[in-house]
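We're numbering straight along the sequence, starting at 1. Order of appearance sets the numbers: ligands from 1, and atoms from 1 within every ligand.
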Amino acid sequence: MRSKQHSLRGIGALGLTVLLSHSSLVLSFSLRQLSGTATRIPGVHLKASVVASPPSSPILQDDFDDVAKPRGAKNDWEVHKFGGASLATAELYRTVGDLLIRESEGREHGTIPTMAIVSARGGMTDLLVKVVDSALLNFEQAIVALQEAVESQVSLLKELAPPEITDPIEARFRSDGQDILSVVQSLRMLHTVPAVTMEVVTGFGEIWSAQTLHAYLQTQNVPCEWIDARDILVVKSDSSGLGEKGAASTGGVTPLYEITTERLSHWWNNEGRNAGFLDLSYEKGQVPIVIVTGFVAQTIEGVPTTLKRSGSDYSATIFAKLVNAGRVTMWKNTDGVYTADPRRVPEAFPIASLKYDEAMELAYFGAQVLHPSAMEPCIDKKIPVYVRNIFNPDFEGTIIQGRCATLKDSFDSKIMNWRSKSGFVPIKGITSVDKIALVSLEGASIGGANVAERFMGAMADNDIKVLIITQASSESSITVAVPENEGQRALQVLENVFELELSRSKINSLSVATGMSIVAIVGEGMAMTSGVSATFMTSLSSANVNIRLIAQGSSERQIAVVVAAEDTTSALRAAHMAFTLSETTATITLLGCTGNIGSALVRQLQEQKTRLAQEFGVSMCINIAANSKKMVVGENSQCLDVDNLSSLIKSDEALAFDLDKITNLMMADVHPLRIVIDCTNSEAVSEYYERWLSSGINIISPSRKVAAGNLERYKCVRAAEKANSVSWLYESSVGSALPICTTLQDLYETGDKVKSITGCVSGTMAYVLSSFSEDVPFSEALRAAVEKRITENDVWEDLSGMDMAQKVVILARSMGMNVNLEDVEVEFLIPEEFLKKEYPVDWNEMTAAQLEDIKCMDALMLERLKAATAEGRRLRYKFLIDKETGKCKCSLVNTETTDPLYRLKLYENLVAFETSRYETSPLIVKGAAAGPDLASAGIFADLLRLTRSFSSNQG
Ligand SMILES: NC(=O)C1=CN([C@@H]2O[C@H](COP(=O)(O)OP(=O)(O)OC[C@H]3O[C@@H](n4cnc5c(N)ncnc54)[C@H](OP(=O)(O)O)[C@@H]3O)[C@@H](O)[C@H]2O)C=CC1
Ligand SMILES: N[C@@H](CC=O)C(=O)O
């Protein structure tokens, strides 16, 4: 390939032309040039093009070949765009070059003429901005930044190609560096930075990037050439300066297609011919690869300009339109446009397809997809836009094409609730815009004073960008969302406009609130579909997110809300989940993970996780697990490996147990469904319940410490649950997995009057009393119960009757009775002094000592058993709760054959509810209870109950 000599052409012409028509920046060029110190200056070669092809002069049509479909090519051009992040290192330039070659080799229908629009190397534009910005204040700093810019690009270039290719390019880079130096030196004389200076200097990032990629492609022996877009692309620009990084608009830049097309054709017939492009043999697999600088352009007067920051996307779609491309691919380092920002919503995933309008709405509300204006050229020509991953090029990514039906078109369609359409998801993505301020005017009693017109007029006159406006019942209250850095200015402007009304108190207040974010849901499926906003709003309410402003776009393709900045991630995640864009994820803190119940629960979660995800769309994510000494925490609220939890807690990764730290981590977790499962028997843990519930954290407790503990604390915890719309579930604390608490709750809530409850809710008592005999001593039956792990850690809790008494308190409280444990009359099955006795701390030693001590009860218990049997009765430990008398009792009784407890076996529990509706025959809940597997099944049921109610709350 030939090396370019653009920069040396037409020096004098530029100096004069621009001097006459343009800014002082150019004046400084001319002065330097006249003094002979600068031989090559930025924009010189632009003038060269203008000289070669002035706007008014006709293009030489003598041997015209159509650039829109090169002679002999079967396929249309395809345009690829690479951003700075994809061009940050030599390795990445190689990746991009190889990818272009592969893409140009085509798919099934032969080779494809290929155009690549490139941004500056990652970080280069910022560096060049720094060169200009620091030129006035700290010239040394400007020089250092400039050196870094040039040297970094040179060294990257040298990694990519041999000296015979890179030497002339390096010389050009260095010479460009000298030119930039001359420009910034001149700024010191001007004491100001003309906007065009910034545009000229920053444009070099793309110029160098294109040549660097070109150098690499040359080493691969493919027909390639590069274009300085300032030679071709002519635009009309309404504003000067670079615009905002990541801005969603191209700041009023309009391409002048006619002259640009002429110039491109001219380039094709001259430079393209010289590069041999006109004589390529497509049949033999030859195809041109043309690299074009993104971002930069030229005005009709020949002055360098830009498409504003992030404008390379626009360059790509403009060139795609010019060559009538078959497709444009925006290469990123993610797998396409995501349903939400994956840094905030880890469950987000790539969207398969979007309509142009949807992509524009997403971009408007902050998705880093494409400039909304960048879509225009493709919409015009119906060119599909792909968003793909340079590191995963085999993945299809996102395709953007087609228009949404207008609202007018869809007026005739039948309105349906989105949940009634199976598998239908009305939204495509959820986005957010940070750094928002709300400016509000409230309570204007200014009849006929056109408040809205004056308000919005003031915004427009002062170039304040209004992102959302709401005006509810009348003109008396208006709120707009504006960029945060415009908030104060907006306020001042409005204070001036409404000065008179404010001074006469005809306006209640004019205020600005900062620290806000916009969260928006976008999708064409929302139009004429009911239930979408309900789902969105309910999801925010479940995540305890307060909504400051709501707006639905007239297209019905988006609904936006404004929330406090700190709630943004919660809002995004909750909404993402609510529209089943992701599984409902419960983030769980498991306390007591190494105990009997805790480890059984972990096992069940391991076994069930795939089924839960596939059948119920639920993901149970344990992200904190602890026992009394250690805790493990998933980084950034990520799930711990549930298959490895027991090793993790023993590993060096485990931290010292700290309940305050756990609480803070849970509070900082933005996930909307957070749950603590308390599988301890700890009083210290109980003290945190109220705080957790008040922070929006749900609790599931097999532990009875709070449900049966001090009544005042119980009431406070219940109140916190109610006040914060969270759940505290403890079904497993009574009868393990049996639906005892929920049955009682159902009876109570459906208006039945529960008169009394009787039965047995101690698996240990049931087991021991039904299995000891003349042959099996009472103490041996207890040993078997311990081995089956149905007893409490301290078996005295069971045998004293206190375990059952606690359950009685829980049931009585659920019937609305204000009882404490002391109010339950309890018959102990062990001598009282055993309860006062000091046993060893070690569980094995303690239990061995207890099983030894209990032998003293064998004879007595056998006697009682014989007495009962003689009467044709059976020994059972029974509870009674009588609502009317307030009596609560647990005692050893001789049950008759008619008593449902008579047939109780093994570790069954039985609860008989006598109610107004079940007066003649009590409602009985009976089944095996106690033991780790059943208890954890009860916890599991609570978990599913909670996730299900969370999901259904979402809509
Ligand atoms: N056994 C059963 O059938 C049923 C039991 N229950 C209830 O379930 C709870 C757990 O029972 P179970 O698994 O048998 O008990 P275990 O004694 O086997 O396990 C208790 C777990 O809690 C941990 N722990 C203790 N204190 C603290 C603390 N302050 N902070 C953090 N972790 C702590 C222990 O850690 P470490 O090992 O470090 O001490 C252990 O991991 C109890 O409240 C029990 O009453 C409910 C229904 C049925
Ligand atoms: N130890 C308890 C276990 C369940 O709560 C029992 O025996 O029922």
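For ligand 1, the atoms sitting less than 4.0 Å from at least one non-hydrogen atom of Asn793 are 16 (P), 17 (O), numbered in the order shown with element in parentheses.
Any N or O atom pair closer than 3.5 Å counts here, and Lys807 shares at least one such pair with ligand 2. Residue Ile597 places at least one N or O, backbone or side chain, under 3.5 Å from an N or O of ligand 1. Note: an N/O pair closer than 3.5 Å links Gly931 and ligand 1 by distance alone. Residue-to-ligand polar distances keep Ser732 apart from ligand 1: every N/O pair is separated by 3.5 Å or more. Residue-to-ligand polar distances place Asn596 within reach of ligand 1: an N/O pair is separated by less than 3.5 Å. Some N or O of Gly595 is nearer than 3.5 Å to an N or O of ligand 1, by distance alone.
Under 4.0 angstrom from ligand 1, the non-hydrogen atoms of Val685 all belong to its side chain.
Under the 30°/60° scheme for interplanar angles, the aromatic rings of Tyr767 and Tyr907 are found to be tilted.
Using a 4.0 Å cut-off between charged side-chain N and carboxylate O, Asp678 and Lys705 make no salt bridge.
Residues Asp858 and Ser779 have side chains that bring a donor and an acceptor to within less than 3.5 angstrom of each other.
Within a 6.0 Å radius of CD in Glu653, no more than 12 heavy atoms belonging to other residues, nucleotides or ligands are found.
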